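The next block holds one structure in the form of structure tokens; read it before the comments.
In the text below, chain A, chain B and the rest are named by the order of the sequence lines, each starting its count at 1. This structure is a prediction, so every number in the text was calculated from the model and none was measured.
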Number of protein chains: 2
Amino acid sequence: MSKCEQCIIRQFNSLKALHKEDLVRLSGCKTTKTIKKGEVIFEEGENVNGVYCIKDGVCKLSKLSTNGKDQIVKLVTKGDLLGQRSLISDDTTNLSAIAVNDMEVCFIPKSEIVHDLKNNVNFSMDMLKEMADDLKLADNVIVDMAQKSVKQRLAETLLYLQDNFGEDDEGLLNIVLSREDYANIVGTATESAIRILSQFKKDGLISTKGKHVKIENINALKRME
Amino acid sequence: MSKCEQCIIRQFNSLKALHKEDLVRLSGCKTTKTIKKGEVIFEEGENVNGVYCIKDGVCKLSKLSTNGKDQIVKLVTKGDLLGQRSLISDDTTNLSAIAVNDMEVCFIPKSEIVHDLKNNVNFSMDMLKEMADDLKLADNVIVDMAQKSVKQRLAETLLYLQDNFGEDDEGLLNIVLSREDYANIVGTATESAIRILSQFKKDGLISTKGKHVKIENINALKRME
DNA sequence: TAAAAAATATGATAATTGTCAGCTATTAAT
DNA sequence: ATTAATAGCTGACAATTATCATATTTTTTA
């Protein structure tokens with residue numbers, strides 16, 4: 001069993017504010033899980049009762065709309081925490097979390113996190129800061145959803161993926177999403193997402209290799225925003 | 001000059017977690033302002049350098065999209081705090097705040113709030129909780145923007161206004177917005193908002209008296225969601 | 001490996017929403 | 001009180017996006 005105090009992942013999230021003795025304590029009660037692509041980590045309305053620290057992989061946070069379609073609100077990845085929002089609000093989770101690829105995560109029980117929030121100002125302040133940053137990002141998403149066309153949102157999504165996940169040596173995006181996922185991120189019908197991606201391909205903005213996407217003309221995509 | 005420790009407004013926000021001596025300190029450095037309808041409290045990109053506690057009135061938080069249109073992200077009202085997000089992120093504000101009607105607010109300098117955040121766990125935890133709740137609401141707005149029609153969003157907005165601002169003895173909503181404001185809340189063209197409100201009127205879902213709106217058939221509005 | 005299932009792709013069409021123009025009513029300014 | 005400015009309203013039309021139908025390709029399962 002790996003030890004939190006030796007884990008470098010914590011440097012990327014609020015857990016970095018914890019002291020060595022706290023990390024040792026967390027190590028003692030955390031559980032490490034492997035999650036297969038497509039597996040549900042938790043579902044909207046559930047009690048999560050803790051926080052996941054993502055050691056590897058990516059998952060999508062989505063919410064079912066009354067029209068029966070899933071909206072992906074956020075992609076959460078290596079280094080991020082998962083489940084803080086509902087833990088802090090002492091609420092069931094408002095989002096479902098589903099693995100986009102194989103993941104490795106550590107689950108830390110709620111009581112431990114609450115203990116540290118109450119006893120370590122640096123930790124709670126860092127968590128507060130993360131939350132404030134998330135809120136700013138969410139505001140930006142709201143504005144994009146409300147004011148931009150599907151084409152613009154899809155272009156932005158591609159740039160976002162490039163920025164956040166990078167590309168491999170062939171230039172292919174380091175994250176693979178289904179067309180349905182793309183549609184659920186930009187909030188459109190799957191057919192519309194497919195159509196626009198095809199158009200982008202025709203126009204030389206992107207190319208594809210199987211399900212992998214490569215950005216060919218980043219400036220043209222940026223100009224669409 | 002009124003005193004924070006005697007002000008009942010603080011019961012409605014995180015300031016309730018402060019102790020009497022802290023409130024006395026805040027009283028000494030806060031400034032009370034009257035803001036006229038339409039006045040700008042702060043603008044996107046500015047340094048706010050503190051938090052506003054809203055004693056009376058309503059303001060809209062909006063963001064300018066690249067297409068030149070304003071998107072109203074949130075309405076902030078009596079009892080709410082304003083400016084926490086950017087204070088905590090130590091960032092310029094991402095939103096503009098404009099008074100929807102005449103307001104009375106108290107401005108508390110950043111240094112004071114930061115002092116209390118670091119020294120009063122109850123205060124920082126409450127702030128964290130507020131932020132988490134805001135994030136949940138923002139997620140809901142994202143899903144609505146992405147998945148619902150303009151008509152559905154407008155119906156929801158009317159119900160939201162009814163819930164949050166109530167109605168007077170004639171049944172008129174206790175908040176008056178321009179058609180442009182309605183459009184900027186739901187993220188549509190002003191003409192579209194006008195058209196749909198007219199349709200709602202024809203269908204007997206609402207009635208209007210000048211700029212005041214009255215909800216006539218709440219169930220029909222709810223059924224649209 | 002063959003069959004079944006799922007994902008991707010594309011066309012046709014309908015529904016929704018945006019844009020532009022012009023007009024009326026209301027509010028503000030002189 | 002009159003004029004100017006703003007807000008509200010409506011029609012016509014264009015653009016965007018959703019829906020439904022149907023191939024085709026890819027992936028999964030037996």
Note to self: If you count heavy atoms of other groups shown closer than 6.0 angstrom to NZ of A:Lys16, is the number above 12?
What the structure shows: yes

From OH of A:Tyr182 across to P of C:dT8 the rounded distance in Å is 10 Å

Rounded to whole Å, CD of A:Gln199 lies from P of C:dA9 at a distance of 13 Å

* Taking 4.0 angstrom as the limit, do A:Glu170 and A:Lys209 come out as a salt bridge? -> yes

B:Lys37 NZ to D:dT6 P, in whole Å, measures 15 Å

Closer than 4.0 Å, any side-chain N/O of A:Lys201 to the OP1 or OP2 of C:dA9?
yes

B:Glu180 atom CD is separated from C:dG18 atom P, nearest whole Å, by 14 Å

From CG of A:Asn184 across to C1' of D:dT17 the rounded distance in Å is 16 Å

Could you check whether B:Lys136 pairs with A:Asp91 (Lys NZ or Arg NE/NH1/NH2 to Asp/Glu carboxylate O, under 4.0 Å)? yes

(Q) Please check: side-chain N/O of A:Asp203 versus main-chain N/O of A:Phe200, any donor-acceptor pairing under 3.5 Å? (A) no

B:Lys30 to B:Phe107, cation-pi by 6.0 Å centre distance and 45° axis angle
no

Pair A:Glu191, A:Arg179 - check salt bridge (Lys or Arg N to Asp or Glu O under 4.0 Å), show working. CA-CA 8 Å; A:Glu191 297 95 320; A:Arg179 304 299 194 224; over 6 Å; no

Per nearest nucleotide of DNA chain D, the residue lying toward the 5' end, A:Lys151 or A:Lys211, is A:Lys151

Between CZ of B:Arg179 and C1' of C:dT26 the distance, given in whole Å, is 12 Å

Note: for B:Thr190 and A:Gly187 on DNA chain D, the residue whose nearest nucleotide lies more 5' is B:Thr190

Is the shortest side-chain N/O distance from B:Ser192 to OP1 or OP2 of C:dT16 below 4.0 Å? no

Is B:Lys148 touching bases, backbone alone, or none of the nucleic acid, heavy atoms closer than 4.0 Å? nothing

In whole angstroms, the gap separating C1' of D:dA18 from CG of A:Leu154 amounts to 16 Å

Exercise for review: May I ask you to decide if A:Lys148's main-chain N or O and A:Asp144's side chain share a donor-acceptor pair within less than 3.5 Å?
Suggested key: no

Which atom pairs link the protein and nucleotides 10-16 of chain D when you take only N or O atoms and keep those under 3.5 Å?
residue	atom	partner	partner atom	Å
D:dT10	OP2	B:Ser198	OG	3.1
D:dG11	N7	B:Arg195	NH1	3.0
D:dG11	O6	B:Arg195	NH2	3.0
D:dA12	N6	B:Arg195	NH2	3.4

In whole angstroms, the gap separating C1' of C:dT17 from CZ of A:Arg153 amounts to 13 Å

